Asker: 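Okay, here's the structure, questions in a sec.
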Amino acid sequence: MFGKKRVAIVGAGLTLFRRRLKETGKELSYEAAKMALDAAGMELRDMKSVVMGTAPDAFDGVHMKGEYLADGAGAYHKPYTRVFVGGGTGVFTPLAGWWHVASGQFDTCLVVAEEKMSSCYPHPQYAFTTIFDPILERPLGMNLIWIFALEMHRYMHKHNIKKEQIALVSVKNKRNALDHPCAQLAANITVEDVLSSEIMAWPVQRLDVSPTSDGAAALVLASEDVAKEVTDNPVWIDGVGWCIDSTLWTNRDLYYPDYVECAARMAYKMAGIKNPPKEIDVAEPYDPFDYKELHHMEGLLLCKKGEAPKLTAEGVTQRDGDLPINPSGGLLGVGNPIAAAGLMKVCEIFWQLRGEAGKRQIPGDPRTGLAQAWGDLMQYGSVIVLRR
Amino acid sequence: MSLEKITNPLHVRHWLGDMEADYIYTLGVAGEHFLEEIKENGRIMGAKCPRCNITYVPPKMYCEKCFAKLEKWVDIGKKGVVHTFTVATIDVDGKKLEKPVIYALIKFEGACGGLIHKIGETKPEKIKIGMKVEAVFKPSFERKASINDIAYFKPAE
């Protein structure tokens, strides 16, 4: 592809993730954006464009939430865009930032993702009840957990996977999160704890699920020229991919995320990756539920279909394993303020590749990493490949 | 940054507000045909794409793969297969449901897609992926052209 400019990440910022933070959504956006600018050694005036990612207006309870949050994201008097692809938003936001810079139109882009789910009272679950088809599904009283339960059950059935195998993901991620200063639900738990937690909609139990949260994350993107001026170790966005499947989620088999594979293939082709398990050193697939980490590892072609539980049981996906998965602690451990959670994953890969992940740092001098998010009504995949 | 460990949200400084708005959703061209058939004739209809040779259930006005307009309707019968299911035990507030509700994705032979619906006349422990089920319609005088005109699906031979 000719004419496309190389784009680097030169700074990242992340707020605490908590069930309820005192700050407004604007203030959270400001905290993360300011932190990313400070990390890059840059000022707001250096940012030539701003991209904001944030999920349904119903969470914050402000229609046109993109406009409401704009000043907190540093968009005053700047070219500004808000993007939203459900749960896929967090990784899609830097993809949108990427094309701002890759097109040559802007030298820099401030990328911010925010979610303040606690505004939705008494629980953000209520916002989720209106995401379904108003004619065919809402009259049945659908709720979000139930459709995950349907998908999880299909995945387990297809590959004969046991709950015990899936619970290992929750155990790993919550433990990884103990080393994350922003984490909301870090814990040392056992498989037994997961299996004895409250059943919500079988096979989904309380500890299979990530928490709702408030939080924000941000990145500073720069063209090659600017990146080389401001830092000695830029992290390059070498692959981007995104894809949506049928809006009728009943049209899919559910055991395998085709749309994630489609997005991953697009990103791998751009990054020149032929053998993902060999060439990817660390990955942050989307894990709002424990089985989704496994589902997404398979969709990302990091292993064969049905093989992810085996790799997990063998310890391959631990921080010191051959293919560390969610070293941050993921959504299960760090928390799940939807858009901010996806961008948190990109921040983690950025820090891992720069050797700045502190106690979470994986060994082996990683050079190539990947983050992925998933969303809309279970059919949207967004993938980013980063290289040092 | 602030860090508040508060379990009752009314204990933070706040303003209570709402985003009140009510909606009337049109059934749509395909949706109206689909639900009218259920109401008037107790039939589950799909829409067939002649070019892709796919029958969509629930029906669509257009083929999402080739963009052909769909005008051929096919009766796909009342029987389907449980593709996956869940047993919901708590409601949206996290409160225990009086009786667990079984929700399933039901697929129909020769059709692309399927319906989400409740399973009745059986117990959660008796449901299996792959089992045959059959639509149970409400009596015709109770039907309103709603997906709930199908009361539930029950196990079938």
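Worth saying up front: this structure is predicted, and the values here are computed from it rather than measured.
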Asker: Which atoms of His123(A) come close to chain B, meaning under 4.5 Å heavy atom to heavy atom: side chain ones, backbone ones, both, or neither?
Answerer: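 Looking at His123(A), nothing touches chain B.
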Asker: Please state whether the side chain, the backbone, both or neither of Ser118(A) comes within less than 4.5 Å of a heavy atom of chain B.
Answerer: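 Neither part; nothing is under 4.5 Å.
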Asker: Which one of Lys118(B), Lys107(B), Lys96(B) has the most heavy-atom pairs closer than 4.5 Å to chain A?
Answerer: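 Highest number of heavy-atom pairs under 4.5 Å: Lys107(B).
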Asker: Enter the distance from Phe148(A):CZ to Thr86(B):OG1 here, rounded to the nearest 0.5 Å.
Answerer: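 The CZ atom of Phe148(A) sits 12.5 Å away from the OG1 atom of Thr86(B).
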Asker: Measure distances from Leu35(B) to the heavy atoms of chain A and classify the residue's part below 4.5 Å as side chain, backbone, both or neither.
Answerer: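 For Leu35(B), side-chain heavy atoms alone lie under 4.5 Å from chain A.
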Asker: Verify the ring-centre separation between Tyr255(A) and His159(A): is it less than 6.0 angstrom?
Answerer: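 Between Tyr255(A) and His159(A), which both carry aromatic rings, the centre distance is below 6.0 Å.
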Asker: Give a yes or no on whether Tyr68(A) atom OH has more than 12 heavy-atom contacts from other residues, nucleotides or ligands under 6.0 Å away.
Answerer: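 Enclosed.
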Asker: Quick one: what part of Val204(A) sits under 4.5 Å from any heavy atom of chain B, side chain, backbone, both or neither?
Answerer: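 No part of it gets close to chain B.
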Asker: For Trp374(A) and His295(A), I'd like to know if the aromatic rings sit close, meaning centre-to-centre distance below 6.0 Å.
Answerer: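 No; His295(A) has its ring centre 6.0 Å or more from that of Trp374(A).
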Asker: Using the benzene-type ring in the case of Trp, are the ring centres of Phe34(B) and Tyr56(B) under 6.0 Å apart?
Answerer: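 Ring centres of Tyr56(B) and Phe34(B) not closer than 6.0 Å.
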Asker: Quick one: do Arg18(A) and Asp214(A) make a salt bridge, cutoff under 4.0 Å?
Answerer: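 No.
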Asker: Please flag which part of Asp253(A) lies under 4.5 Å from any non-hydrogen atom of chain B: side chain, backbone, both or neither.
Answerer: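 For Asp253(A), the contact with chain B is made by backbone and side chain together.
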Asker: Given that the side chain runs from C-beta out, which part of Ala111(B) has a heavy atom under 4.5 Å from chain A: side chain, backbone, both or neither?
Answerer: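 It is neither, since no heavy atom gets under 4.5 Å.
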Asker: For Glu27(A), is it the side chain, the backbone, both or neither that has a heavy atom under 4.5 Å from a heavy atom of chain B?
Answerer: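 Contact with chain B involves no heavy atom of Glu27(A) at all.
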Asker: For chain B, find which of Ile147(A), Leu136(A), Ile199(A) contributes the most heavy-atom pairs closer than 4.5 angstrom.
Answerer: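 If we count pairs closer than 4.5 Å to chain B, Leu136(A) comes out on top.
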Asker: So with a 6.0 Å cut-off around CD of Glu125(B), is the heavy-atom count from everything else above 12?
Answerer: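 Yes, enclosed.
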Asker: Between Arg138(A) and chain B, with a heavy-atom cut-off of 4.5 Å, which part of the residue counts as in contact: side chain, backbone, both or neither?
Answerer: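 It is the side chain, since no backbone atom gets that close.
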Asker: Pick from Ala149(A), Pro203(A), Pro139(A), Gly141(A): which one has the most heavy-atom pairs with chain B under 4.5 Å?
Answerer: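 Most pairs with chain B among the choices: Pro139(A).
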Asker: State whether Arg82(A) and Asp57(A) are salt-bridged, where the test is any N-O pair (Lys NZ or Arg NE/NH1/NH2 against Asp/Glu carboxylate O) under 4.0 Å.
Answerer: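 Salt bridge: yes.
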Asker: Specify which of Asp91(B), Thr84(B), Asp18(B), Val57(B) makes the most heavy-atom pairs with chain A at under 4.5 Å.
Answerer: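 The candidate making the most pairs under 4.5 Å is Thr84(B).
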Asker: Mind checking whether His117(B) and Tyr103(B) have ring centres under 6.0 Å apart?
Answerer: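 Judged by ring-centre distance (under 6.0 Å), His117(B) and Tyr103(B) do not meet the cut-off.
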Asker: I'd like to know which of Glu64(B), Lys60(B), Met19(B) tops the heavy-atom pair count under 4.5 Å against chain A.
Answerer: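 Answer, by heavy-atom pair count under 4.5 Å with chain A: Met19(B).
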